[in-house]
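Nothing fancy with the numbering, it's 1 onward along the sequence. No hydrogens, no waters, no symmetry mates; every other heavy atom, side chains included, goes into these values. Since we're looking at a predicted model, the values are computed, not measured.
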Amino acid sequence: MPSRNPGVIVQDWEPVVLQKKPKSSALRDPKAVNQAIRSGAPVQTIKKFDAGSNKKTTPVVSVKKLEEAAEPAALDRVSTEVRLAIQKARLEKKMSQAELAKRINERPQVVQEYENGKAVPNQAVLAKMERVLEKKLRGKVGK
């Protein structure tokens, strides 16, 4: 039978101590902060800007810069001659706005806007109308 060595037994690892993290409310408690300062533990302080105020931070823009800024010009609308030519040609062909819209493959609202002068002229739409109405609508309308 083998004999046991009656020597001293030594541990070769370090003990591990598990601790719970303190709650965030406990970190803000003045007593806990004072205790941490007294014990020499690190204490972090953060300055909160505009804390407790109802102010909104907005960039300051001078009125002078706003006035000097170039604003985009208003978009051109369909001229009176074009809108009257569309109405006249459509009525000569005895078409409704909906029928014209269907034939040019657009919504009826588009034709209505062109005839009311509210639409921004689109050359493709005007070309479709010229083909269906057999009337010149682009360039000089009177000729």
Side-chain angles (χ1 to χ4, degrees), residues 2 4-5 7-143:
R4 292 190 177 171
N5 189 0
V8 179
I9 300 174
V10 180
Q11 284 184 326
D12 59 344
W13 61 83
E14 294 291 322
V16 177
V17 179
L18 300 176
Q19 295 179 347
K20 288 185 176 179
K21 283 188 175 181
K23 292 182 181 178
S24 63
S25 61
L27 292 176
R28 284 179 259 157
D29 183 33
K31 291 179 183 178
V33 172
N34 288 336
Q35 184 180 7
I37 292 172
R38 275 187 251 123
S39 67
V43 178
Q44 181 181 13
T45 59
I46 300 172
K47 171 135 175 67
K48 294 184 179 179
F49 295 98
D50 294 333
S53 68
N54 225 3
K55 296 178 184 176
K56 292 184 180 179
T57 57
T58 57
V60 178
V61 180
S62 67
V63 176
K64 185 178 179 182
K65 284 184 182 179
L66 286 175
E67 289 178 359
E68 290 176 356
E71 293 184 21
L75 297 173
D76 294 329
R77 303 288 180 203
V78 176
S79 67
T80 307
E81 297 88 22
V82 173
R83 67 187 202 112
L84 291 176
I86 293 171
Q87 286 177 355
K88 186 176 177 184
R90 181 178 58 81
L91 292 174
E92 285 175 3
K93 294 274 188 177
K94 297 180 182 174
M95 292 177 144
S96 67
Q97 288 180 345
E99 289 174 24
L100 175 61
K102 189 174 182 178
R103 297 213 28 211
I104 65 171
N105 203 18
E106 294 287 340
R107 294 178 295 146
Q109 183 181 359
V110 172
V111 175
Q112 183 181 10
E113 288 175 353
Y114 272 84
E115 288 189 5
N116 290 339
K118 295 179 181 177
V120 177
N122 184 345
Q123 297 301 316
V125 174
L126 288 173
K128 291 178 191 178
M129 286 185 183
E130 283 179 347
R131 194 174 44 237
V132 171
L133 297 174
E134 299 172 354
K135 179 100 176 190
K136 186 174 181 181
L137 301 174
R138 298 178 291 173
K140 295 192 178 185
V141 179
K143 297 182 182 179

Student: Search all heavy atoms of P121 against all heavy atoms of D76 and return the closest pair with its distance.
Tutor: CD-O, 3.3 Å
Student: Please tabulate, for the side chains in residues 32-41, all donor-acceptor contacts under 3.5 angstrom to protein atoms that are two or more places apart in sequence or on a different chain.
Tutor:
residue	atom	partner	partner atom	Å
N34	ND2	P30	O	3.4
S39	OG	Q35	O	3.2
S39	OG	A36	O	3.1

Student: If we only count heavy atoms from C-beta on, is the V82 to L126 side-chain gap below 4.5 Å?
Tutor: yes
Student: Closer than 4.0 angstrom, basic N to acidic O: yes or no for R90 and E115?
Tutor: yes
Student: Heavy-atom distance under 4.5 Å between the side chains of K93 and L100, does that happen here?
Tutor: no
Student: So do the side chains of R77 and K118 get within less than 4.5 Å of each other, counting heavy atoms only?
Tutor: no
Student: For K128 versus I104, what's the shortest heavy-atom pair and its separation?
Tutor: CD-O, 3.1 Å
Student: Does L137 offer a backbone N or O that forms a donor-acceptor pair with the side chain of E130 under 3.5 Å?
Tutor: yes
Student: Nearest heavy-atom pair of Y114 and I86: which atoms, and what distance?
Tutor: CB-CD1, 4.1 Å
Student: Check whether E106 reaches the backbone of V111 with its side chain - one donor and one acceptor, N or O, closer than 3.5 Å.
Tutor: no
Student: Rounded to the nearest 0.5 Å, what separates atom CZ in R103 from atom CZ in R131?
Tutor: 10.5 Å
